[in-house]
Structure formats: C-alpha cells, structure tokens
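Just so it is clear: chains get the letters A, B, ... in the order the sequence lines come, proteins before strands, and each one is counted from 1. Values below: every heavy atom of this structure, side chains too, minus hydrogens, waters and symmetry copies.
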There are 2 protein chains.
Amino acid sequence: MKNFETMSYDELLKEFKGILKANALKFTKQRETILSTLYNNPKHFTSECLYLLVKQKHPELNIGIATVYRTLSLLEENGLVSSISLGAQGKKFEIANKPHHDHLICSECGKIVEFENEQIERLQQQIAEENGFILTDHLMQLYGICSECQKKKEDGD
Amino acid sequence: MKNFETMSYDELLKEFKGILKANALKFTKQRETILSTLYNNPKHFTSECLYLLVKQKHPELNIGIATVYRTLSLLEENGLVSSISLGAQGKKFEIANKPHHDHLICSECGKIVEFENEQIERLQQQIAEENGFILTDHLMQLYGICSECQKKKEDGD
DNA sequence: ACCTTTTTGATAGTGATATTCATATCTTAC
DNA sequence: GTAAGATATGAATATCACTATCAAAAAGGT
Ligand SMILES: [Mn+2]
Ligand SMILES: [Mn+2]
Ligand SMILES: [Zn+2]
Ligand SMILES: [Zn+2]
C-alpha cells in the first residue's frame, strides 16, 4: 500500500487519476469534488455530512447521496481515505494524507483528538505475533471527557 | 461500575435481580434464560445467534428476537455483558464476568482471540491525560490472519 | 463527433435494530 | 392465593444507514 503522507492536493489528485485509469474508471466532477472537499476540510466526515457540504458548495452538480457512498468506498479501497467506526454515532471518513494515528473521542461533545504512539503500535505487533497472527490492521479508540466538557459539568453542578 | 470478574452464576443472578429491583423492572424467564445462556456458553454471540440458541434450547419460551435485543441492551447498560463492534460482521456480545481484555480477530475466518496488556492500558491512560481527557473507556481490536488461515492460503497457492 | 463504457441521481430494496400495541406475565398488597 | 396495577412480551411494523437497480447522462478513446 502506498503512503500518502503529507501529499499536496495536486499529488493526491494525480494519484487518484492513476488509480482510476488503472481500473478503467472515469474521472468525474463528482469524484473530484468529493476528494477536494475532503482535502480542504481535513476533519472527520459522516457520509451524510459530506453529502450536505458538497451539495451546498456545488449545487450545480446536484450530487446524489449514492454517489457520495460510492466514492467514499472507492477512495477507501484505494487508501486515499480512511474511516473510523464510532458504533452508535456512525462511521466517519478522513483523507489519508497524514501519518497513521488513532483517535481520542469525547463522549459528551464528540470532539476528536488524533494521536500516535509508537510504543503501542510495537506492542500490538508483538501481541499478534505471540498468537500466531499476521497483523494487518488495528482499531484503537479512547473514549473520555474532554477538558471543556469537564468544566461544563463542574459549572452545571 | 461494579466489577463482575470471576463471579459465579448465582452471584451474577443475584446481581441481576438487584439491578432489576432497583429499576422497578421484572424478573422474567426470558431475561434469566438469556443471562444463563450467555454464562454457560462463554463465547462471543451475535444477537441473532443467541436468539437461535435460546429458541432451540427453550422452545417453550417461544422467545422473540425483540426480547433478545431488549435484554442484551439492558444487560449491557448495567455492565453484565459487553459488546464488540466488528464493522461489517456485526456486533458481538459476551458475558462480563472475566477481567478486561481486548480482541485479536482473524479477518479470514472470524476467529477471536482475547488478550490483555497492562502496558498498553497504562499508555492509553497517559495519552488521555496528556490531552486533558478523563479516560472512561477504550476500544482496541487487532485484525490479522490467524495461523490456520495462513496455512490454508499457502496450500491454496 | 461518434461510439462504447462507465457513472450518475432517483428510487426501491436490504438487513439489523427499534418501536408499537394488544396480550401475557410479574409483583405487591391484601 | 388472589386481585390490581404494573411492566414485559411476541408479532408486526417502522426506522436507519447503506446498497442495488436502472434509464439517462457524461466520459474518453478513436
Ligand atoms: Mn483522524
Ligand atoms: Mn471477549
Ligand atoms: Zn467534550
Ligand atoms: Zn482465521
């Protein structure tokens, strides 16, 4: 799998076009708009949320929700976006042009903080090996109360 | 939250009855059967899978799938069962009478291996603190290929 | 520009889970 | 033990996020 860390938008776009060509797929306004929207708003998007934003900023496209789902799947399959599953709160997508990281999530307000920890990654690898597994992926989400929500709670009491 | 580690079934049942009473809820055959089925088959159950098992072993109850969902939610809310979300493969439940652990999952055959790692737990706590969060929970799942599926793949090639 | 293929948006369909509601069952007070 | 008042139940229906279908539109190789 290619590494898209710190890629500029032009590089990302070129990469995307290459993937499309390699798979006999077509480069469309909808696909490009979704990629650029993800790039220019580097936050964690719900499918629905991304759909609404594209619809609002590019009404002339008259984009359909199905296309958003399709394009997100396509981008994820090819490693250009990654997703995190938040159980009840649904699935969120982000562009994959930054180093691997995991997420710290506030259960009160939904705020998401990204972090990376070399040491944990090594331990995960080690655990897999000890159990005879070849590690291919992992999911790590920490849940808690962010400092702002802690304050709010104190004030409320 | 109470700690249900290594509780016997009688203790667990007593705990459950206490929770029900405290919330003005009733002790029913369906609820008891679901708890005991989880206790006596300490594996990771899909809602559907648990429903089928109870239906088969206790046909006289004529249990409905809705009751299984309702009871699992009730048990989870009160910490007597815990669940893991496996994205596409759905949600699995297990009884919470053993120490905290995380899961190593084979992407090929769905096998689940449980593990615990003190060191990672400490690092998670530390990461939360560094970001001003009070850590309340975490989710860690490692995905890979188990040794059997590795062998199968070799033979297949 | 033409022709073929892929993509699209609207719509309908899906599967897991939630809700509704009339009936059954449980709990408490006698 | 029974009656009264409560909650729980199963069957049916609804919901929600997502996927499949399909006719029309757009892409892109020539
Ligand atoms: Mn992120
Ligand atoms: Mn487990
Ligand atoms: Zn918060
Ligand atoms: Zn396997």
Side-chain angles (χ1 to χ4, degrees), chain A residues 13-14 16-35 37 44-56 58-78 81 83-93, chain B residues 13-14 16-37 44-56 58-78 81 83-93 110:
Chain A
L13 192 58
K14 201 171 148 195
F16 187 35
K17 285 182 175 174
I19 290 165
L20 292 174
K21 185 152 284 182
N23 293 87
L25 301 176
K26 291 175 178 175
F27 181 71
T28 64
K29 293 187 189 65
Q30 287 85 344
R31 287 177 172 161
E32 209 229 310
T33 304
I34 288 172
L35 185 69
T37 302
H44 301 89
F45 278 107
T46 286
S47 309
E48 175 78 10
C49 182
L50 179 60
Y51 163 67
L52 292 171
L53 184 59
V54 172
K55 204 179 178 70
Q56 183 204 335
H58 303 271
E60 78 285 1
L61 279 184
N62 187 31
I63 199 161
I65 184 82
T67 296
V68 174
Y69 278 107
R70 285 187 286 235
T71 304
L72 283 171
S73 296
L74 173 64
L75 289 168
E76 187 168 23
E77 277 161 23
N78 289 285
V81 314
S83 71
I84 55 178
S85 283
L86 297 165
Q89 287 103 267
K91 197 174 178 184
K92 291 193 171 180
F93 296 85
Chain B
L13 190 59
K14 201 172 148 194
F16 187 34
K17 284 182 176 174
I19 289 165
L20 292 175
K21 185 153 283 181
N23 292 88
L25 301 176
K26 292 175 178 174
F27 181 71
T28 64
K29 293 185 189 67
Q30 287 84 346
R31 286 177 173 162
E32 210 230 310
T33 303
I34 287 171
L35 185 68
S36 75
T37 302
H44 301 87
F45 277 107
T46 287
S47 310
E48 175 78 10
C49 182
L50 179 61
Y51 164 65
L52 291 173
L53 184 59
V54 172
K55 204 182 180 68
Q56 183 203 335
H58 304 271
E60 78 284 2
L61 279 184
N62 188 30
I63 199 162
I65 185 81
T67 296
V68 175
Y69 278 107
R70 285 188 285 234
T71 304
L72 283 171
S73 296
L74 174 64
L75 289 169
E76 186 168 23
E77 277 161 23
N78 289 285
V81 312
S83 72
I84 54 179
S85 284
L86 297 165
Q89 289 103 266
K91 198 173 178 184
K92 291 193 173 181
F93 295 85

Fill in the blank from the handout: note: B/K92, atom NZ; C/dA16, atom C1'; distance rounded to Å ~ 15 Å
Fill in the blank from the handout: 5'-most contact on DNA chain C (nearest-nucleotide basis), A/F27 vs B/G90, goes to A/F27
Exercise for the section: Indicate whether OP1 or OP2 belonging to C/dT8 is found under 4.0 Å from a side-chain N or O atom of A/K29. Expected result: no
Completion exercise
Shortest non-hydrogen pair, A/F45 vs A/T37, comes out as CE1-O, 4.3 Å
Exercise for the section: Look at all strands and tell whether B/Q30 reaches a base, only sugar-phosphate, or nothing, counting heavy atoms closer than 4.0 Å. Expected result: sugar-phosphate
Practice task
Using only side-chain N and O atoms of A/S47, determine if any of them is under 4.0 Å from OP1 or OP2 of D/dA17.
Solution key: no
Handout entry: Nearest-Å distance for atom pair NZ/P, residues A/K21 and D/dA27
Key = 15 Å
Exercise for the section: May I ask you to evaluate whether A/N62 reaches the phosphate of D/dA25, defined as a side-chain N or O under 4.0 Å from OP1 or OP2? Expected result: no
Completion exercise
Taking every heavy atom of A/F16 against every heavy atom of A/L75, the minimum-distance pair comes out as CE1-CD2, 3.6 Å
Problem - Spacing between B/K17 atom NZ and C/dT28 atom C1', to the nearest angstrom - result: 16 Å
Practice task
Could you verify whether a donor N or O on one side chain and an acceptor N or O on the other, from A/E76 and A/S83, lie under 3.5 Å apart?
Solution key: yes
Fill in the blank from the handout: In whole angstroms, the gap separating C1' of C/dT17 from CG of B/L74 amounts to 16 Å
Exercise for the section: Looking only at side-chain atoms of A/Y69, point me to the closest of D/dT19, D/dG10, D/dA27. Expected result: D/dT19
Problem - Donor-acceptor pair present, B/R70 side chain and C/dT20 base, under 3.5 Å - result: yes
Practice task
May I ask you to verify if any side-chain N or O of B/R31 is less than 4.0 angstrom from the OP1 or OP2 atom of D/dA8?
Solution key: yes
Practice task
Give A/I65 one of three labels, base, sugar-phosphate or nothing, depending on what nucleic acid heavy atoms sit under 4.0 Å from its own.
Solution key: nothing
Practice task
Could you state the atom-to-atom distance from NZ of A/K26 to P of C/dT4 in whole Å?
Solution key: 12 Å
Problem - Test side-chain contact (heavy atoms from CB on, under 4.5 Å) applied to B/Y69 and B/L74, step by step - result: CA-CA 9 Å; B/Y69 278 107; B/L74 174 64; over 6 Å; no
Handout entry: Sugar-phosphate, base or nothing in reach of B/L61, heavy atoms under 4.0 Å
Key = sugar-phosphate
Practice task
Decide yes or no on side-chain contact (heavy atoms from CB on, under 4.5 Å) for A/L13 and A/E32, but give the supporting numbers first.
Solution key: CA-CA 8 Å; A/L13 192 58; A/E32 209 229 310; 3.6 Å; yes
Fill in the blank from the handout: Separation of D/dT19 atom C1' from A/K91 atom NZ, nearest Å, is 12 Å
Exercise for the section: In whole angstrom, give the distance that lies between atom CD of A/E60 and atom P of D/dA25. Expected result: 18 Å
Exercise for the section: Using atom OH of A/Y51 as one end and atom P of D/dC16 as the other, report the distance to the nearest whole Å. Expected result: 16 Å
Exercise for the section: Kindly say if B/T28 contacts the phosphate of D/dT9, meaning a side-chain N or O under 4.0 Å from OP1 or OP2. Expected result: yes
